[in-house]
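One-based numbering, in listed order, for ligands and for the atoms of each. As the structure is a prediction and not an experimental result, all values here were calculated from the model.
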Amino acid sequence: MVVVGAGMVGAACALYAARAGLDVILVDRGPVAGGTTGAGEGNLLVSDKEPGPELHLALLSARLWGELAQELGTAVEYEPKGGLVVASTPDGLTALARLAAGQRAAGVRTVPVDASELRSLEPHLAPGLAGGVLYPQDAQVMPTLAAAHLARASGARLETGRTVTRVLRGADGAVRGVRTDRGDLLAPAVVNAAGTWGGEVAALAGVPLPVLPRRGFVLVTEPLPRRVRHKVYAADYVADVASDSAALQTSPVVEGTAAGPVLIGASRERVGFDRSFSLPVVRALAAGATRLFPFLDDVRVMRTYLGFRPYLPDHLPALGPDPRVPGLFHACGHEGAGIGLATGSGQLIAQALTGGTPELDLTPFRPDRFAEEATA
Ligand SMILES: Cc1cc2nc3c(=O)[nH]c(=O)nc-3n(C[C@H](O)[C@H](O)[C@H](O)COP(=O)(O)OP(=O)(O)OC[C@H]3O[C@@H](n4cnc5c(N)ncnc54)[C@H](O)[C@@H]3O)c2cc1C
C-alpha cells in the first residue's frame, strides 16, 4: 500500500498496516512531520470530546498510545499527566459537570475537583475559580518525534521530497498506485493521509472531500522549571472546538513540556492558508493564559507559530474505504485532534485494509457522507 502524507496520521497508518503484515510505502512531498504535525501541540485528549463517535475513537487511541508508550514512551516524550478543565463561574461548572457525566457514561474517567482542591493539583492557578474536572486519561507527546518514531518503527519505505500528482486507476476504476513527480509507485491500495491537503489528494483520485484549513496559533515561553503540571484549560474550549463559526475564537489552553517551555493555545479561525502573524490573536491567547496562571505575566514568550488544522464540516475525520474508488482509503480531516486520534485511525485503517472488521463502526466517518453542495 501507499500512504500519502508522512504526518502523525500517515505514520500511524504505516505502523499499524505494517504490523498487520502489509508492505508499506510512505510518501510525502516534504519531510516527515513537515505539515500540521510540525505546527501543533501534542495533547492526546479525551476530555474535550463530546459523547459520540469521536470520543469512541479518542478512547481507542488513548489505549493504543498507552501501549505504544511501553516501547517508545521516552523517545516520543509521552507523559500521561492528565488534563484539568477549570470553570470560572458556577454556571460554567454546571455545564462542565453535565459534559463530564455524559463522558463518564461513555467510558471516560472523570474526577470532580472542587474550588478548594484546585490548587493542590495546580499550585499556581489563579484564585477564585469555581471548580473543575480532572481527566486522568489525557496525555501528551511531542508530535514531530512521535511521527518520526512511528514511521521508523513501521519499517515502511520512506519517500520524502516526492509529490503525489495523481492517483492511478485501472479500467475497472480501482486504484493501481500513485503518480509522483519522480515516477509511479504501484500498489493496490492508497491511503490519503494528507491532512489539510486531503481534499486535494482526494481530487487526484477524482472524488470530492471538503477538507478546509482552520488556523491556530501557539505561544512558546522561555524554558521554566515545571510549574504547570497538567494540561489545563478553560471549560469554554470545548464549545470553541465544536463551533461552526468562521470568526476568531480563543480560549486558554496551557501546558508545561518536558523540555521546559510552556505552550499556550488555542485559537481557531477560518482564514484559508493565511500565514501572516496576527497580534490580536497572540494578545488574546496571552491574556487568557495569564488569567489562568498569573505568574505567566512575568514570563517571556520566545516565539509563536501557527498551523492549519484539517477541518471537515461536521468536525469528524474521513476514515476508511472510499466506496466511490475501490482501493482508496482516507485517514484525514482530524482537525485539532490528529495527534491524539492518529493511533486509533491507523489501527482502524489497517483493520479495514486487511479485510477484518474494524473495532469501531466506521459509518460516522464515511468519506462520501458530505452532500454535493458542501464539497463544492
Ligand atoms: C495550533 C495547533 C495546535 C494543535 N494541537 C493539537 C493537540 O494538542 N493535539 C492533537 O491531537 N492535535 C493538535 N492539532 C492538530 C494536529 O496537529 C493535526 O490534526 C495533525 O497534525 C494532522 O496530522 P496529519 O498527519 O493528518 O496531517 P499533516 O501533519 O499535515 O500531514 C499531511 C502530510 O501530507 C503531505 N502531503 C500533502 N499533499 C501531498 C501530496 N500531493 N504529495 C505528497 N505529500 C503530500 C504534507 O506534506 C504533509 O506532511 C493542532 C493543530 C494546530 C494547528
Any A39 heavy atom less than 4.0 Å to ligand 1: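 Flag set, A39 near ligand 1.
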
Do any nitrogen or oxygen atoms of [X] come within less than 3.5 Å of a nitrogen or oxygen of ligand 1?
| X | answer |
| --- | --- |
| L204 | no |
| G30 | no |
| V164 | yes |
| T36 | yes |
| T196 | no |
| G5 | no |
| G216 | no |
| V9 | yes |

Side-chain (N192) to main-chain (V201) donor-acceptor, under 3.5 angstrom: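 No, N192 side chain to V201 backbone: no donor-acceptor pair under 3.5 Å.
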
Write out the residue and atom name of the closest protein heavy atom to [atom], then the distance separating them to 0.1 Å.
| atom | value |
| --- | --- |
| atom 5 (N) of ligand 1 | E41 N, 3.1 Å |
| atom 35 (C) of ligand 1 | D28 OD2, 3.3 Å |
| atom 36 (N) of ligand 1 | R29 NE, 3.8 Å |
| atom 29 (O) of ligand 1 | T37 OG1, 2.5 Å |
| atom 9 (N) of ligand 1 | N43 O, 2.8 Å |
| atom 31 (O) of ligand 1 | G7 CA, 3.6 Å |

Nearest option to atom 13 (C) of ligand 1, as decided by whichever heavy atom of G40, A331, G336 sits closest: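 Ranked by closest heavy atom to atom 13 (C) of ligand 1, first place is G336.
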
Closest to atom 15 (C) of ligand 1 among R309, E335, H334 (heavy-atom distance):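 It is E335 that holds the nearest heavy atom.
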
R162 and ligand 1 - part of the residue with a heavy-atom distance under 4.0 Å: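 Only the backbone of R162 comes within reach of ligand 1.
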
Within reach of ligand 1, part of A342 (heavy-atom separation under 4.0 Å):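 None of A342 does.
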
Taking every non-hydrogen atom, the tightest pair across G265 and L285: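 Heavy atoms of G265 and L285 come nearest at C-CD2, 3.4 Å.
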
Hydrogens and angles aside, do [X] and [Y] bring a side-chain donor and acceptor to less than 3.5 Å of each other?
| X | Y | result |
| --- | --- | --- |
| D297 | T290 | no |
| Q140 | E77 | no |
| T165 | R179 | no |

R214 to Y311, cation-pi by 6.0 Å centre distance and 45° axis angle: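 Yes, cation above the ring, under 6.0 Å and within 45°.
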
T89 and D91: CA distance, side-chain angles, deciding distance, side-chain hydrogen bond (donor to acceptor under 3.5 Å, both in side chains) verdict: CA-CA 5 Å; T89 62; D91 282 353; 5.7 Å; no

Parallel, tilted or perpendicular, as decided by the 30° and 60° cut-offs, for the rings of F277 and F217: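 Perpendicular: the ring planes of F217 and F277 meet at over 60°.
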
F295 ring center near H124 ring center (under 6.0 Å):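 Yes, close enough.
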
